[in-house]
Amino acid sequence: MTTQTVTMGKALNLGLHRALADDDKVVLMGEDIGRLGGVYRITDGLQAEFGQRRVMDTPLAESAILGTAIGLAYRGYRPVVEIQFDGFVYPAFDQIVSQVAKMHARTRGLVKLPITIRIPVGGGIGSAEHHSESPEAYFAHTAGLRVVSVSNPQDACTMIRQAIASDDPVVFFEPKRRYHVKGEVDDALDLAAAPPLGAARVARPGTDVTLVTFGGLVQTALDAAAAAEDEGTSIEVIDLRSLSPVDYDTVAASVRSTGRVVIAHEGPREVGIAAEVAQTITERCFHFLEAAPVRVTGHDIPYPPSKLEKHHLPDLDRMLDGVDRVLGRTRVSA
Amino acid sequence: MTTQTVTMGKALNLGLHRALADDDKVVLMGEDIGRLGGVYRITDGLQAEFGQRRVMDTPLAESAILGTAIGLAYRGYRPVVEIQFDGFVYPAFDQIVSQVAKMHARTRGLVKLPITIRIPVGGGIGSAEHHSESPEAYFAHTAGLRVVSVSNPQDACTMIRQAIASDDPVVFFEPKRRYHVKGEVDDALDLAAAPPLGAARVARPGTDVTLVTFGGLVQTALDAAAAAEDEGTSIEVIDLRSLSPVDYDTVAASVRSTGRVVIAHEGPREVGIAAEVAQTITERCFHFLEAAPVRVTGHDIPYPPSKLEKHHLPDLDRMLDGVDRVLGRTRVSA
Amino acid sequence: MPETVRLLDENGVRIPSPQWDPLIDDLDEAALADLYEDMVVLRRIDAEATALQRQGEIALWPPVYGQEAAQIASGRALRRDDFVFGSYRETGVAYTRGIDPVEIARVWRGAAASAWNPYEFHMATAQVIIGAQTLHATGYALGIQNDGSDQVAVTYFGDGAMSEGDVSEAMIFAATYGAPVVFFCQNNQFAISEPVTLQSKTPLADRPVGFGIPSVQVDGNDVLAVTAVMRQALQRAREGGGPTYIEAVTYRMGPHTTADDPTRYRDPAELELWGKRDPISRLRTLLETSGLDGPELEARAAAAADRVAAAFRAGVQNMPDPEPMSVFDNVYAEPHHELDRQKNEYARYLEGFAS
Amino acid sequence: MPETVRLLDENGVRIPSPQWDPLIDDLDEAALADLYEDMVVLRRIDAEATALQRQGEIALWPPVYGQEAAQIASGRALRRDDFVFGSYRETGVAYTRGIDPVEIARVWRGAAASAWNPYEFHMATAQVIIGAQTLHATGYALGIQNDGSDQVAVTYFGDGAMSEGDVSEAMIFAATYGAPVVFFCQNNQFAISEPVTLQSKTPLADRPVGFGIPSVQVDGNDVLAVTAVMRQALQRAREGGGPTYIEAVTYRMGPHTTADDPTRYRDPAELELWGKRDPISRLRTLLETSGLDGPELEARAAAAADRVAAAFRAGVQNMPDPEPMSVFDNVYAEPHHELDRQKNEYARYLEGFAS
Ligand SMILES: Cc1ncc(C[n+]2csc(CCOP(=O)(O)OP(=O)(O)O)c2C)c(N)n1
Ligand SMILES: Cc1ncc(C[n+]2csc(CCOP(=O)(O)OP(=O)(O)O)c2C)c(N)n1
Ligand SMILES: [Mg+2]
Ligand SMILES: [Mg+2]
């Protein structure tokens, strides 16, 4: 085992590198991913090493990136597509929803589309309009796709390899605000031995409240749990990792023991991921619930200008406020 | 008051006619809507009467239809756009999500986009792939849009007029399977006196279970309620009419009295409308709930070939099964 | 804009062309008679399908009627291992690939989401989203290029499709990478009710030129010309010359689908005019002129059409409905616990009725 | 492809043109000196913004550096009631419309989602989704047409945008309806790191021709030529002649935005080459040749730039942060009970901290 301490961005780079090295059917496609190495440098150095056919700078057209990835997959390739920012995935929505998601069912399993759609996601980075979106719910609602969101360097490295290895299309969310955070990474981990792509993770055990989140908010949830502990509340933090399907066994087991659940995400609340998780948990754990599940989410508004994003994004205080609400307390804030 | 008995399709035609006659800023745009009058003849005769500038056959490009509608709205027009079938809205998704939904907030209210996006929706019509989709959740999740779904001729006629009159963009779903069903329609109803666009309607009062649905399934729910009455169960049927925002006052009032709620729709379950309605009701009525809210929905699959659509779509039996489940009974079917 | 390539005029008279003739000099009478038979069979499949639709055996059918030469000649020009990505109106192309029309009807009957095995026939299943397949073909062509193969990807689409952003993007990608793909546009003059003049005031074949793609307009009702231009395009792609666009100018003699009523929007005089440009009778005249026995030719083709039609009808009528629980199949390639759960729930629900 | 229109060469020497000169014969020295000053001021705004970004006053800035002639000359050619739909890199065009650069910086500071009032300046606020605005302009032009007005809609976009399906669709719609819209493409050779050759191997100005739209390529660093072609295009649109495409060939001398490092992908020799084609010094030479006092001209422009820069800097530095609760404003034009509820919840939550 060879571990190194790297940022999450570098961990993704290592994972992509290994996928390219392991399987010559893997090709990377996207805007500015080749010579520049991507605006976040996630693909840095890969074109130089693997050449322009394996790491393709494409013309500026997202629908075409997905559409040609489908054709490549049709021929046996495993395309890994980068959407430059979350807000630029919508021009490709038709190809994703009507083609990528439906092809395997349409062809009765004859045509597999092992396409990985990498999307830098979410806010908290002080960026411009369309650069801080959280479109996870659109994809989780779409049958035929798998949707994951990574929260730390080791998961980023392992899960990108698993996503590429999966015979299903995977929408792979990378929270931008975590790109620069470092951690220990073994980029040669045996994929079969690693937790499967669909498994949630108890990021911190606790007994009073279950706090479910994913991606960029996992660290916030851990911080909230640490803060709550000082106040005498024990929070179990679950990192969903997979948003579709959700690993409900892990979530339900926790809620059966705590009786209370808070679900947090950056994306809008209405018909969002938290609604789904909350209702499914209500269905499966109704008699264990001491209180209605609480959602701590972005508001139902277009992403605000960055000076105001802190008033949109769930932070430690809003998570603790949610915890208080699910505990039936009215929080008196610091 | 001048009422006539017409199909829901004709009721829409009458509503569009009145909107065109009342306001010369109203323009209709879409594929085959002019000379042909639309594949469902909803715009039949309108081009002949109002001319090619008011009722425009457009080139075959959905993104452009929405994009140019935005430009027209920018200049003070009130475009009514027809998407030929539910499955063809995705090429326009970017313009809808990134422009239509966000423009008013982006420009601090300076630019209004009173665009109505008409979408024939749903299954049960024995049609081909992409012709029976239920994409409501994608739009209800999108802040900045209003989303409605009509279930009967009078609502169709009145609500299309209200949608066009609204200064907000409205995604207007028309369940295809109801186009041919007739009812009494007054197409000159005073819009101010009519129930507002956002209001739900108790379609049938009842005491044991609240059955919430919309669009094409309202009649099914009424039939289920009638059948259940014979078995001694009193179902209150709520026609949501507006999917975003949902009129939770009406739904919550019902659930507070029944203690049990079933939500039914054709679209996929995961992160669907029913998840949102269920969770919001759980939040607002937790202590009134005798059982977890039950969802009766399409499966999380691509819409199946039409010979199998009856195994995907909620029907009377599946609704009654849901009612039994929320009542804690195990249904013994006929 | 180059002129429209035409090698056989509307009256079945051969128009010699030093440029194009060498590309079809192997097309002897036997080969032409085969093309004739293919077209007759195809027209019969359409007629049979239309009848089956009227009888309620299938829900819908999009006829190829009028476009037989465009589809048969271009399809026959392909090598077996070339790969086709078409729309929903490519019965003729599918026929040239050896695909059983029963499989096509399976979809229109609502018994399957798609039909044949794409890898068996080197043809993707039908695409309903207008223009989407042009990108798939371009991507497939990039794969061919990566593999160093001399196969060609061929995409079929309509005049209406030319307006969809996807089709422009496909040409842009194909041009940028010099991908071995042929864009075969059947300009049948209509997108449902909309005349092609609504998609463009200028010839559609001008567009690819703007993207840097060689473009040729061809009389789509002329088997010889279609064969020639298609062979040239394939050859160019095989030799690394990149994409070509072909616009086959033809006419949709039937309705958009069996659900359509073209009398609402179509000029009868136009229909009559195009009826005189029929691809089948034109070829028949040529064959007769070159000495073949017309009635014999016709009888042989009719016999073949009868055989195909009978098998087609029988296949459709005997088609079983799919299994209810199959709605859950193949949504994912790998295990999916949540969908399994839904599947089990629904199975239990169905069992409730059995008991 | 017609040749590139150029009326002022790289050394500031006037190239006479019987075709184009009549379109600019009113441009006397005073008018040219104004254009010169505009360009100097614009370059200064860029420099100031870049400094403000370094100082953390704004988060990001997309410089126009190098593209001054393309934006100033085309913007100055517009009538006040023409309506502009641009991208995020149109500081110069906005300047010609009278828009305060402070408003532009407000957005890049993250203090507002958009800046000025579109109806006050007849210019839509910045568009970040590449190419989307070309459709808005086309739709607006359809409205102009309906109204029987002789206004023109003008859309600005980049070489990279030419690949997005929306831009092709916009040209298709504009051509079909003969909409009074000018497509103004600033080919600054790059889409972030990607050279224009990745978007197209052939000249971008060929594409509109394929859509049936008159197309002209112009030296984008030549104020005279840009003025001439823009005036012609506007005139055509006003007279009912429909859309025109203009490709202004220029160069992005700076980074894509202040966050970009162009040394990773750009050839220094190319940069140097384009530095010699500078639009400002070229015009200055012309003015000097025609007898104007260079240093005086420069001093006057510098003074104007100083004034604008000082006001700009002060405006940005004194910009207040927006109100927290304003995130809920204007999501809808009409009352929305659910959002009001969320707003009230959040207000109560914030009040909790105050207590
Ligand atoms: C994205 C999309 N929009 C709309 C439709 C509805 N539709 C089906 S066929 C058709 C016309 C297609 O015309 P053309 O491309 O000329 O092909 P043809 O039917 O003439 O073969 C339309 C608008 C669709 N299938 N997909
Ligand atoms: C739909 C979309 N995809 C990707 C991006 C990211 N992006 C921002 S600017 C840019 C390059 C644009 O190049 P060009 O059109 O030439 O304009 P320029 O920046 O050179 O002015 C890209 C890819 C975006 N903003 N929108
Ligand atoms: Mg057609
Ligand atoms: Mg550029």
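On a predicted model such as this, the values are computed, not experimentally measured, just so you know. Chain A is the first sequence line, chain B the second, and so forth, proteins listed ahead of strands; every chain is numbered from 1.
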Gln52(B) atom CD, neighbour heavy-atom count above 12 within 6.0 Å:
no
Should the heavy atoms of other residues, nucleotides or ligands under 6.0 Å from CZ of Arg54(C) be counted, would the total exceed 12?
no
Side chain / backbone / both / neither for [X] at chain B, heavy atoms under 4.5 Å:
{"X": "Gln342(C)", "value": "side chain"}
{"X": "Leu339(C)", "value": "side chain"}
{"X": "Glu323(C)", "value": "backbone"}

Heavy-atom contact with chain C under 4.5 Å, split by part of [X]:
{"X": "Glu62(B)", "answer": "both"}
{"X": "Arg269(B)", "answer": "side chain"}
{"X": "Glu31(B)", "answer": "both"}
{"X": "Pro304(B)", "answer": "side chain"}

Check whether any side-chain heavy atom of Pro305(B) sits under 4.5 Å from a side-chain heavy atom of Val107(C), and report yes or no.
no
Within-4.5 Å side-chain heavy-atom neighbours: His130(B) and Val128(C)
yes
Any idea which of [options] has the most non-hydrogen atom pairs under 4.5 angstrom with chain B?
{"options": "Ala59(C), Ala113(C), Pro324(C)", "value": "Pro324(C)"}
{"options": "Leu60(C), Val167(C), Asn330(C), Ile129(C)", "value": "Ile129(C)"}
{"options": "Ser200(C), Gly160(C), Ala161(C)", "value": "Gly160(C)"}

Between [X] and [Y], which heavy-atom pair has the shortest distance, and what is it?
{"X": "Asp32(B)", "Y": "Ala191(C)", "value": "OD1-O, 3.4 Å"}
{"X": "Asp300(B)", "Y": "Val331(C)", "value": "O-CG1, 4.1 Å"}
{"X": "Glu164(C)", "Y": "Ala61(B)", "value": "OE1-CA, 3.8 Å"}
{"X": "Ser163(C)", "Y": "Pro59(B)", "value": "OG-CB, 3.7 Å"}

[atom2] on [Y] to [atom1] on [X], rounded to 0.5 Å:
{"X": "Glu129(B)", "Y": "Ser114(C)", "atom1": "CD", "atom2": "OG", "value": "8.0 Å"}
{"X": "Lys343(C)", "Y": "Ile301(B)", "atom1": "NZ", "atom2": "CD1", "value": "11.0 Å"}
{"X": "Gln84(B)", "Y": "Ile130(C)", "atom1": "CD", "atom2": "CD1", "value": "8.5 Å"}

Using a 3.5 Å distance criterion without hydrogens, assess whether the side chain of Glu194(C) forms a donor-acceptor pair with backbone atoms of Asp57(B).
no
Between the side chain of Gln199(C) and the main-chain N/O of Leu60(B), is any donor-acceptor distance below 3.5 Å?
yes
In terms of side-chain geometry, is the basic nitrogen of Arg41(B) or Asp261(C) positioned less than 4.0 Å from the acidic oxygen of its partner?
no
Using the six-membered ring wherever Trp is involved, compare the ring planes of Tyr346(C) and His299(B) and label them parallel, tilted or perpendicular (cut-offs 30° and 60°).
perpendicular
Checking Asp317(B) against Tyr349(C) for the side-chain contact (heavy atoms from CB on, under 4.5 Å) test, could you report, in this order, the C-alpha distance in whole Å, the side-chain angles of both residues, the deciding distance, and whether it holds?
CA-CA 10 Å; Asp317(B) 284 320; Tyr349(C) 168 77; 3.1 Å; yes
Stepwise salt bridge (Lys or Arg N to Asp or Glu O under 4.0 Å) test for Asp44(B) and Arg264(C):
CA-CA 11 Å; Asp44(B) 195 23; Arg264(C) 288 179 71 101; 2.8 Å; yes
